[in-house]
Novice: 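Okay, handing you the structure first.
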Amino acid sequence: MNDNDIVLRVEDIHKSFGGTEVLRGVSFDVHCGETKVFIGPSGTGKSTLLRCINQLTPPDRGQVWLDGEEVTNSGARINYFRQKIGMVFQNFFLFDHLTALKNVELALLKVKGMGKAEAHEKALTELRQVGLEEWADHYPAELSGGQAQRVSIARALAMDPDVILFDEPTSALDPELTREVLEVMKKLARNGMTMLVVTHEMGFACSVANEVLFMENGVVAEQGSPDLLLHDPQFTRMKDFIGRIDSRMDD
Amino acid sequence: MDVLPILIDWLPYLLSGVSSTLGLVFAALGLGVLLGLPMALGQVYGARPIRWAVGIYVWFFRGLPILILLFLFWFGIFPAIGLGHLSAFVVGAVVLGLRGAAYQSQIFRGAIQSVSEGQMIAARSLGMSRFTAIRSVILPQAVRIALPGWSNEYPNILTDSAVCYAIGVVELLTITARIVTQTHITIPIYLAAAGIFIVLNYGGLKLLHRLEAKIEIPGFGSGAM
């Protein structure tokens with residue numbers, strides 16, 4: 001990988017809430033087609049980090065660059081950058097008053113200014129991608145959690161983003177529904193989508209991630225391929241963390 | 001004395017008050033939405049001076065008896081600002097509308113605030129401006145949430161409209177009183193007027209409930225919230 005295919009550059013991000021410093025200087029580069037997975041204990045700023053990237057939570061310090069353009073401090077142009085930075089939320093946040101199809105269509109019509117027929121086609125294509133074409137006319141309340149999350153992935157995909165941020169996309173789902181959402185995400189990763197994923201799914205991290213960033217206390221504590229972090233003896237902290245989770249599950 | 005034939009004789013005249021009463025109600029409801037919705041948006045999303053202005057407006061129009069408002073505008077405020085030539089009907093409709101706007105703004109405000117925060121976050125994450133997000137995501141949901149409460153404004157304003165009698169608007173109550181003076185029959189005439197109010201009330205609410213059902217979305221709105 002060379003520097004030319006860097007899609008997203010995150011530099012020295014700091015963020016405090018009240019007196020608590022949640023992010024204490026986080027930096028990394030994301031290359032085109034790469035999947036980066038963020039792992040770590042709750043409250044270490046992983047979700048805040050994702051929100052700092054698309055400025056839903058503006059960072060106190062540091063910069064974010066998308067394709068060489070600065071996203072931080074971009075004023076009204078932030079709406080332009082957000083089209084290129086998709087986001088998928090833990091609780092889906094589908095538009096409750098719109099069908100699955102209209103959920104995917106809305107930003108195409110209102111943000112991209114696409115014509116009705118074109119937006120309709122595009123939305124159907126994206127729903128097909130996530131295997132939900134026949135659910136196009138159902139409202140969010142009529143979908144399972146897994147289906148709702150797949151619609152929200154389709155909604156993000158429809159904007160043709162350069163990168164998609166996944167904020168604990170399966171944490172609100174039971175194992176069966178988690179599996180169907182992870183399948184969709186694996187397919188996206190294989191097809192070359194650039195993805196940042198905050199998750200506790202180690203299986204997903206091991207099979208898909210090009211790189212795992214283990215976060216602790218607002219910084220990236222360890223960083224490397226899943227294999228390296230799990231098996232190289234010089235890395236211990238993520239292994240400790242996973243050990244703690246596993247032993248808790250054994251109780 | 002046989003009341004019924006007299007009542008039947010006067011009925012067409014009594015009914016002629018219906019159009020005037022309904023005119024007051026619809027004008028007031030319309031003005032209420034036109035002012036109440038932007039006021040609600042201002043109160044939720046506006047800068048501090050806007051929120052204050054709306055707060056003061058609501059405090060004023062909800063704080064005074066409707067009869068005092070009516071007299072204030074009819075005898076004082078409208079003549080003072082060069083609108084003394086307005087008919088009693090227009091003044092009545094405007095005052096009912098201004099007062100309704102205060103109540104409606106609070107119904108809409110509550111509805112807007114009850115739309116979950118995630119809706120705005122998701123909309124913004126897709127690159128929508130705040131304005132587009134409010135128009136395309138927040139308002140369509142807020143209106144559905146508000147409608148059942150908003151429907152109550154219809155019977156409220158319908159019954160309130162009768163106070164326009166006090167400034168001489170020729171509406172249902174005014175005509176009723178005139179018939180009473182002419183015929184010296186009191187209770188049966190007022191009962192007839194009451195019956196008309198009840199029918200108007202029932203019919204209007206029926207229509208509003210039909211509207212609620214028409215824009216209902218599975219799993220969203222009154223059932224789920």
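Note: hydrogens, waters and symmetry copies are ignored here, and every other heavy atom, side chains too, is used. Proteins get letters first, then strands, A, B, ... in listed order; numbering begins at 1 in each.
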Novice: With chain B, which of A:N54, A:L106, A:N91, A:V88 has the greatest number of heavy-atom pairs at distances under 4.5 Å?
Specialist: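 Ranked by heavy-atom pairs under 4.5 Å with chain B, first place is A:L106.
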Novice: Write down the atom of B:P218, the atom of A:A141, and the distance for their closest heavy-atom approach.
Specialist: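 Minimum heavy-atom separation between B:P218 and A:A141: O-CB, 3.7 Å.
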Novice: For atom CD of B:E117, is the number of surrounding heavy atoms from other residues, nucleotides or ligands below 6.0 Å larger than 12?
Specialist: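 Counting other residues, nucleotides and ligands, CD of B:E117 stays at 12 neighbours or fewer.
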Novice: Please check if atom NZ in A:K112 has more than 12 non-hydrogen atoms from other residues, nucleotides or ligands closer than 6.0 Å.
Specialist: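 Result for NZ/A:K112: enclosed.
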Novice: So, using ring pair (Phe, Tyr, Trp, His ring centres under 6.0 Å) as the criterion, who are the partners of B:F26 when residues are at least two apart?
Specialist: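 For B:F26 there are no ring pair (Phe, Tyr, Trp, His ring centres under 6.0 Å) partners, ignoring immediate neighbours.
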Novice: How about OH on B:Y103, more than 12 heavy atoms from neighbouring residues, nucleotides or ligands closer than 6.0 Å, or not?
Specialist: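 Buried by this count: over 12 neighbours within 6.0 Å.
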Novice: So, taking the atom named NE2 in A:H97 and the one named CD1 in B:I145, what distance separates them when rounded to the nearest 0.5 Å?
Specialist: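 It is 10.5 Å, given to the nearest 0.5 Å.
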Novice: Any chance you could measure B:S136, atom OG, to A:L109, atom CG, to the nearest 0.5 Å?
Specialist: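 With rounding to 0.5 Å, OG (B:S136) is 9.0 Å from CG (A:L109).
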Novice: Pick from A:M159, A:R155, A:M87: which one has the most heavy-atom pairs with chain B under 4.5 Å?
Specialist: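 Highest number of heavy-atom pairs under 4.5 Å: A:R155.
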Novice: Is chain B contacted by the side chain of A:L94, its backbone, both, or neither, given a heavy-atom distance below 4.5 Å?
Specialist: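 Looking at A:L94, just its backbone touches chain B.
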Novice: Residue by residue, which of residues 119-132 of chain B have a heavy atom closer than 4.5 Å to a heavy atom belonging to chain A?
Specialist: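 Expected list: B:Q119, B:I121, B:A122, B:A123, B:R124, B:S125, B:L126, B:G127, B:M128, B:S129, B:T132.
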Novice: Which answer fits A:F95, side chain, backbone, both or neither, if we ask what part of it has an atom under 4.5 Å from a heavy atom of chain B?
Specialist: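 Both backbone and side chain.
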Novice: Less than 4.5 Å to any heavy atom of chain B: does that hold for the side chain of A:Q83, its backbone, both, or neither?
Specialist: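 Interface part for A:Q83: both.
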Novice: Could you check whether atom CZ of B:F75 has more than 12 heavy atoms from other residues, nucleotides or ligands sitting under 6.0 Å from it?
Specialist: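 Atom CZ in B:F75 is crowded, with more than 12 foreign heavy atoms closer than 6.0 Å.
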Novice: Heavy-atom distance under 4.5 Å to chain B: side chain of A:I85, backbone, both or neither?
Specialist: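 The backbone, not the side chain.
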